[in-house]
Structures are given as C-alpha cells and as structure tokens.
Amino acid sequence: MNGDYWHGNPIIYKSEDIIPINGGIKAKSLWRKDWRKKLIAKQYGYVVKYIWELDIRSSNFEKILKEVIY
C-alpha cells in the first residue's frame with residue numbers, strides 16, 4: 001500500500017508539488033523512486049499493483065481487495 005502523503009498520490013498532488021519529507025521533495029521525485037523499485041521487482045518476476053491509501057478509504061475497498069487476491 002502506498003500512503004497518499006509519503007508516496008505523493010497523483011490524484012492529490014501535482015508533479016511539481018513539494019512534499020515536506022526529508023526537507024522537501026517534489027512529488028515527481030517520489031514517483032520516479034517508486035517506479036525504479038517497481039522495475040526491479042518486475043525484473044525478479046513479481047507482479048506489482050499499487051494500492052493507494054485513498055483507495056483503501058474509499059467505498060470500492062471490496063473491489064480492490066478482490067483484485068489483489070485473485
């Protein structure tokens with residue numbers, strides 16, 4: 001699960017928004033970091049699905065849970 005704040009949910013943040021983590025970092029830098037981690041995981045054969053905090057809190061949680069399990 002990606003926290004909306006810690007990973008800069010693109011539904012909430014624009015690419016140039018500064019998120020005050022470690023003195024301030026642009027959302028697009030967080031996205032780039034997560035993209036690199038996803039790429040490495042895929043190279044090792046993992047299937048990566050992002051679940052945002054916003055998704056967990058939404059009314060679609062049951063649907064999201066089914067997508068992850070199946």
Side-chain angles (χ1 to χ4, degrees):
M1 182 185 94
N2 280 358
D4 294 332
Y5 172 78
W6 296 102
H7 293 269
N9 186 339
I11 292 173
I12 299 170
Y13 297 97
K14 295 180 180 83
S15 63
E16 297 297 316
D17 286 348
I18 302 292
I19 300 171
I21 300 170
N22 297 329
I25 187 168
K26 289 185 179 181
K28 69 180 177 182
S29 295
L30 293 173
W31 301 339
R32 196 171 21 247
K33 182 179 175 184
D34 286 338
W35 178 81
R36 286 192 298 260
K37 290 189 286 187
K38 180 179 180 178
L39 188 62
I40 292 167
K42 287 178 121 184
Q43 289 173 346
Y44 282 96
Y46 290 94
V47 174
V48 179
K49 290 189 174 197
Y50 287 110
I51 302 172
W52 289 97
E53 177 183 351
L54 190 65
D55 297 327
I56 298 289
R57 295 172 186 252
S58 77
S59 60
N60 291 327
F61 179 68
E62 292 292 326
K63 178 184 173 193
I64 293 163
L65 189 59
K66 286 178 185 176
E67 288 177 17
V68 171
I69 292 173
Y70 302 107

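In this text the structure is predicted, and so the values were computed from the model without any measurement.
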Answer whether the closest heavy-atom distance between the side chains of Ile19 and Tyr13 falls below 4.5 Å.
yes
NE2 on His7 to CD1 on Ile12, rounded to 0.5 Å
12.5 Å
For the backbone of Glu67 and the side chain of Lys49, can you confirm whether one donor and one acceptor N or O come within less than 3.5 Å of each other?
yes
Path from Tyr44 to Val48 over hydrophobic side-chain contacts below 4.5 Å
no
Nearest 0.5 Å, please: how far is NZ in Lys38 from CH2 in Trp31?
14.0 Å
Is there a side-chain contact between Lys26 and Asp17 in this structure, where contact means two heavy atoms from C-beta onward sitting under 4.5 Å apart?
no
Any carboxylate oxygen within less than 4.0 angstrom of a Lys/Arg side-chain nitrogen, looking at Asp34 and Lys37?
yes
With sequence neighbours excluded, tell me which residues meet side-chain hydrogen bond (donor to acceptor under 3.5 Å, both in side chains) with Asp4.
Asn9
Would Trp6 end up clustered with Trp52 when hydrophobic side chains under 4.5 Å apart are linked, directly or stepwise?
no
Within this structure, what is the CG-CG distance for the pair Asp55 and Asn60, rounded to the nearest 0.5 Å?
8.0 Å
Rounded at 0.5 Å granularity, tell me how far CD in Glu53 sits from OG in Ser58.
11.5 Å
Is there a chain of hydrophobic side chains (I, L, V, M, F, W, Y, each step under 4.5 Å between heavy atoms) that links Ile56 to Leu65?
yes
Under 4.5 Å between side-chain heavy atoms, counting indirect links through other Ile/Leu/Val/Met/Phe/Trp/Tyr residues: same cluster for Tyr50 and Val47 or not?
no
Can any side-chain N or O of Tyr46 pair as donor or acceptor with the backbone N or O of Ile40 at less than 3.5 Å?
no
